[in-house]
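First comes the structure, then the notes that go with it.
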Amino acid sequence: MATTSDIVTDALTAFGLSAQDSGHFADVQAAASSNANTNVSMMGETFKYCAPIAGALGFSVEDTAEAIGLMANAGIKSTQAGTSLRTIMTNLSGEVKICGENIGEVTVATTNADGSMRDLSAILADCRTAFSGLSESEKAAVAESLVGKNAMSGFLALMNAGEGDIAKHSGAIFFSRRWQW
């Protein structure tokens with residue numbers, strides 16, 4: 001119980017949330033972990049590394065939990081997922097250009113007109129669209145150039161996530177958000 005409390009309070013602080021949001025955070029974490037190949041303890045370890053940057057960039061708990069679940073389903077969990085996701089978020093906070101023979105140069109918008117960050121899920125969806133036009137070798141080269149060798153496996157897991165898996169995670173997290181009292 002103490003570990004769960006520590007996970008929740010640390011993540012709430014990182015996302016700039018209050019104690020009133022603890023139930024919602026716990027619901028999102030439970031929904032994400034029960035629909036992915038991870039558990040609450042491993043998700044807590046992941047949040048420990050990526051929540052401060054996610055909160056600073058204005059990414060939501062929901063989008064962050066969805067990315068964690070998608071990475072976990074590809075075998076990237078706990079500390080590895082947290083450090084990968086931290087790097088991915090940091091590197092996707094600036095200009096993102098994806099180049100390939102069949103797609104030319106695609107710029108993925110990471111900010112809104114007011115300068116705020118777009119939703120993480122929207123940025124990743126746009127990256128997935130661009131990645132779908134790349135060859136296998138181009139995907140590897142682009143992933144390495146965008147996020148580096150250490151975070152590359154996590155980024156590729158996010159890029160290779162299937163629509164069904166994404167919808168499953170997104171739906172479960174949305175359901176937990178919708179049925180709050």
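Every residue was checked against the side-chain contact (heavy atoms from CB on, under 4.5 Å) condition with A26, not counting sequence neighbours, and none meets it. K48 meets the side chain to side chain donor-acceptor pair (under 3.5 Å) test with E45; sequence neighbours excluded. Residues satisfying the side chain to side chain donor-acceptor pair (under 3.5 Å) criterion with D21, sequence neighbours excluded, are S18. Scanning for salt bridge (charged side-chain N to carboxylate O under 4.0 Å, His left out) contacts around K77 gives an empty result, with sequence neighbours left out. Considering only residues two or more places apart in sequence or on other chains, A32 meets the side-chain contact (heavy atoms from CB on, under 4.5 Å) condition with M43, A65, I173. Qualifying side-chain contact (heavy atoms from CB on, under 4.5 Å) partners for A151, counting only residues two or more places apart in sequence or in other chains: S84, T87, I88, V147. Residues forming a side-chain contact (heavy atoms from CB on, under 4.5 Å) with S116 (at least two apart in sequence, or on another chain): N112, D114.
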What pairs of donor and acceptor atoms, side-chain ones from residues 121-133 against any protein atom, are under 3.5 angstrom apart with sequence neighbours left out?
unit_1: S121; atom_1: OG; unit_2: D63; atom_2: OD1; d: 3.2
unit_1: S121; atom_1: OG; unit_2: D63; atom_2: OD2; d: 3.3
unit_1: D126; atom_1: OD2; unit_2: R118; atom_2: NH1; d: 2.8
unit_1: D126; atom_1: OD2; unit_2: R118; atom_2: NH2; d: 3.0
unit_1: R128; atom_1: NE; unit_2: L158; atom_2: O; d: 2.7
unit_1: R128; atom_1: NH2; unit_2: L158; atom_2: O; d: 3.2
unit_1: T129; atom_1: OG1; unit_2: A125; atom_2: O; d: 3.1
unit_1: S132; atom_1: OG; unit_2: T129; atom_2: O; d: 2.6

Just list the side-chain donor-acceptor pairs under 3.5 Å for residues 96-111, sequence neighbours left out, or say none.
unit_1: K97; atom_1: NZ; unit_2: T107; atom_2: OG1; d: 2.9
unit_1: T110; atom_1: OG1; unit_2: G94; atom_2: O; d: 3.1

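Of the possible donor and acceptor atoms, none in the side chain of N73 sits under 3.5 Å from a partner among the backbone N and O of A36.
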Problem set entry | Criterion side-chain contact (heavy atoms from CB on, under 4.5 Å) on T64 and M89, from CA distance to verdict | CA-CA 10 Å; T64 304; M89 290 174 173; 3.7 Å; yes
For this session: Take I166 and E163 through the side-chain contact (heavy atoms from CB on, under 4.5 Å) test and state the conclusion after the steps.
Result: CA-CA 5 Å; I166 295 165; E163 287 183 34; 5.5 Å; no
Problem set entry | Verdict with supporting geometry, Y49 and T79, side-chain contact (heavy atoms from CB on, under 4.5 Å) | CA-CA 7 Å; Y49 289 91; T79 304; 3.6 Å; yes
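Nearest approach of F25 to A11, heavy atoms of both residues: CZ-CB, 3.4 Å. Across all their heavy atoms, A143 and F155 have their closest contact at CB-CD2, 3.8 Å. When all heavy atoms are compared, the tightest approach of A30 to S33 is O-OG, 3.3 Å. Shown here for A54 and F15, the closest heavy-atom pair between the two residues is CB-CE2, 3.7 Å. Nearest heavy atom pair, residue R86 against residue T90, reads O-OG1, 2.8 Å. Closest of all the heavy-atom pairs between A31 and A172 is CB-O, 3.6 Å.
Each side-chain hydrogen bond (donor to acceptor under 3.5 Å, both in side chains) pair with one or both residues in residues 139-154, not counting sequence neighbours, would appear here, but there are none. Counting only residues at least two apart or on different chains, no ring-ring contact (aromatic ring centres under 6.0 Å, His included) pair has a member in residues 68-110. Residue pairs that meet the ring-ring contact (aromatic ring centres under 6.0 Å, His included) test with at least one member in residues 97-124, sequence neighbours left out, do not exist here.
From D165, atom CG reaches atom CG of N35 across 9.5 Å, with rounding to the nearest 0.5 Å. From Q29, atom CD reaches atom CG of N39 across 9.5 Å, with rounding to the nearest 0.5 Å. Rounded to the nearest 0.5 angstrom, M42 CE and F47 CZ are separated by 13.5 Å.
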